[in-house]
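Notes follow the structure.
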Number of protein chains: 2
Amino acid sequence: MRVTPQRAHVWQILAESGAHLGAEEVWERARDALPGLELSTVYRALEALREANLVVESRLSEGPALFEANASSHPHLVCERCGGISHPEASPEVARGLLAALAAGSGGFEVRELHVVARGLCPECVRREEETVPVTDAS
Amino acid sequence: MRVTPQRAHVWQILAESGAHLGAEEVWERARDALPGLELSTVYRALEALREANLVVESRLSEGPALFEANASSHPHLVCERCGGISHPEASPEVARGLLAALAAGSGGFEVRELHVVARGLCPECVRREEETVPVTDAS
DNA sequence: CGGCTTCTGCTAATAATTAGCATCTGCATG
DNA sequence: CATGCAGATGCTAATTATTAGCAGAAGCCG
C-alpha cells in the first residue's frame, strides 16, 4: 500500500482518537490539516487501511459504518439509550472464550474474523433507568 | 400491531423460507400473491415485525440488511468466499456461552441483545481451497 | 355498521457509498 | 537525482438502501 498524506492522516485520526468514527467524522477532522480533502478519498483510504488490517470496520448500529484503529476484532457494547460504544473490560478473554466456543460448535467452519455486538444499557443508563422506575418490574 | 395481508405475507415468507432475506427479496416473493405490493410497504412491515419481535434484522455483510423469522438472536457464520450464511450446529449452547462470557466481562453493562457474526470459510469452501492450494502454507 | 386510527400505495427525498475519469504523485529504479 | 509508471487523488455523477409525506383505503373496537 502506498503511503500518502491523506492515508496517514486518516490513520492518525483514528489511532489518536481511539474512537469509533464514521467516514464523515474522519473527513471533518482530517480537513483541518488537509483542506482540499475529499470525502470519497476518505472512503478509499479507509478501505485501503482495512485491507491492510490497520483499521476495523463495523456496522454497530444504524447509520454509517464505523471505523476503529485496532487490528483485532473484539466485542462491542452498544448502549441502546445513549448510543455510546464501549468495550468489555475483559475483552481479550471474552474474545478468546467466544472464539473457542464458536470453534467448538461450528463444525468445520474456519473462523477468520469475529464480530460481537452486544446491545443493551450501559452502566450509566442503567442507573438512570432505575432512578426513573425504581421498582424492579413496573408492569 | 394491526394484522394486514401485506404483513402476514411478509411474515409467512420469512417463516417458511427460514432464510436470511433482504427487503427486496421479500418483496419479489411477496408480489406473487400481492401484485400491487410496494417495496416501501415491505420495509414498513419488516420494521413492524421487528418491533413485535417476530423477525430479527442483521447487517451481516455489505449490501442490504437481512431479515430472519426467528426471535432469538443467535450466532451467524458468513462465508467470505461464497457468501453463504449458516448457523453453528450448537447455536443455543454457543449463544449461552457467549452471553455468560460477556456478562462476566462487561462490568455493569446490561446486555439485551447479542449479535455474533463469524466471518471465514464454510466447510465447502475450505475444501475447495485445499484442492487449489494443497500445501498447508504456500509462502 | 361506523368511526377512529393505522396502514398502504405512490412519489419523492435522503443517506451512505461507489464509480469514472483526468490529473497528479509516491517510490522503485536507473 | 531524474524518470517512469502504477496507483492515488480530486471532482463529479451515479447507485444503492432506506425513509418521508400525503391522500385514500381498510382493520378493529364498540
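Here the structure is a predicted model, which is why all the values come from computation and not from measurement. Chain naming here is simple, since letters A, B, ... match the order of the sequence lines and numbering starts at 1 in each.
In this structure, A:Leu34 atom CG and D:dC11 atom P are separated by 13 Å, rounded to whole Å. For the pair B:Arg7 CZ and C:dG9 P, the computed distance is 11 Å after rounding to whole Å. One can place CD of B:Glu25 at 15 Å from P of D:dT16, the figure rounded to the nearest angstrom. Rounded to whole Å, the distance from CG on A:Leu39 to P on D:dG10 is 11 Å. Across the protein-nucleic acid pair, B:Gln6 atom CD and C:dC7 atom P stand 11 Å apart, rounded to whole Å. In this entry the distance linking CH2 of A:Trp27 with P of D:dG10 reads 11 Å, nearest Å. In this structure, CD of A:Glu47 is placed 11 Å from P of D:dT9, rounded to the nearest angstrom. One interatomic measurement links the two molecules: CG of A:Leu37 to P of D:dT9, which rounds to 9 Å at whole-angstrom precision.
Residue-level contact check: A:Ala65 touches the backbone only, with heavy atoms under 4.0 Å from sugar-phosphate atoms and none from bases. Nucleic acid contact for B:Gly22: none, since no nucleic acid atom lies under 4.0 Å from a heavy atom of the residue.
Among the candidates B:Leu77, B:Val78, B:Ile85, the single residue satisfying the side-chain contact (heavy atoms from CB on, under 4.5 Å) test with B:Val117 is B:Val78.
Nearest to the side-chain atoms of B:Arg59 among the listed nucleotides D:dT18, D:dA8, C:dT8 stands D:dT18. Comparing D:dC28, D:dT12, D:dA17 against the side chain of A:Glu38 picks out D:dT12 as the nearest. The side chain of A:Thr41 lies closest to D:dT9 when the candidates are D:dT18, C:dT8, D:dT9.
Judged by closest nucleotide on DNA chain C, B:Pro5 is the one of B:Pro5 and A:Val3 placed further toward the 5' end. Between A:Met1 and B:Arg44, it is A:Met1 whose nearest contact on DNA chain D lies nearer the 5' terminus.
A donor-acceptor contact under 3.5 Å links the side chain of B:Ser40 to the base of C:dC10. You'll find a donor-acceptor pair under 3.5 Å spanning the side chain of A:Arg2 and the base of D:dA6, going by distance alone.
The two residues B:Trp27 and B:Val42 come nearest to each other via the heavy atoms CD1-CG2, 3.7 Å.
Cluster annotation: A:Val56 is not connected to A:Leu46 through the hydrophobic network of ILVMFWY side chains, with a link wherever side-chain heavy atoms come within less than 4.5 Å.
A centroid separation of 6.0 Å or more is found between the aromatic rings of A:His76 and B:His115.
Taking only side-chain nitrogens and oxygens, B:Tyr43 comes nearer than 4.0 Å to OP1 or OP2 of D:dT18.
Salt bridge B:Glu124/B:Arg81: absent, no basic N to carboxylate O contact under 4.0 Å.
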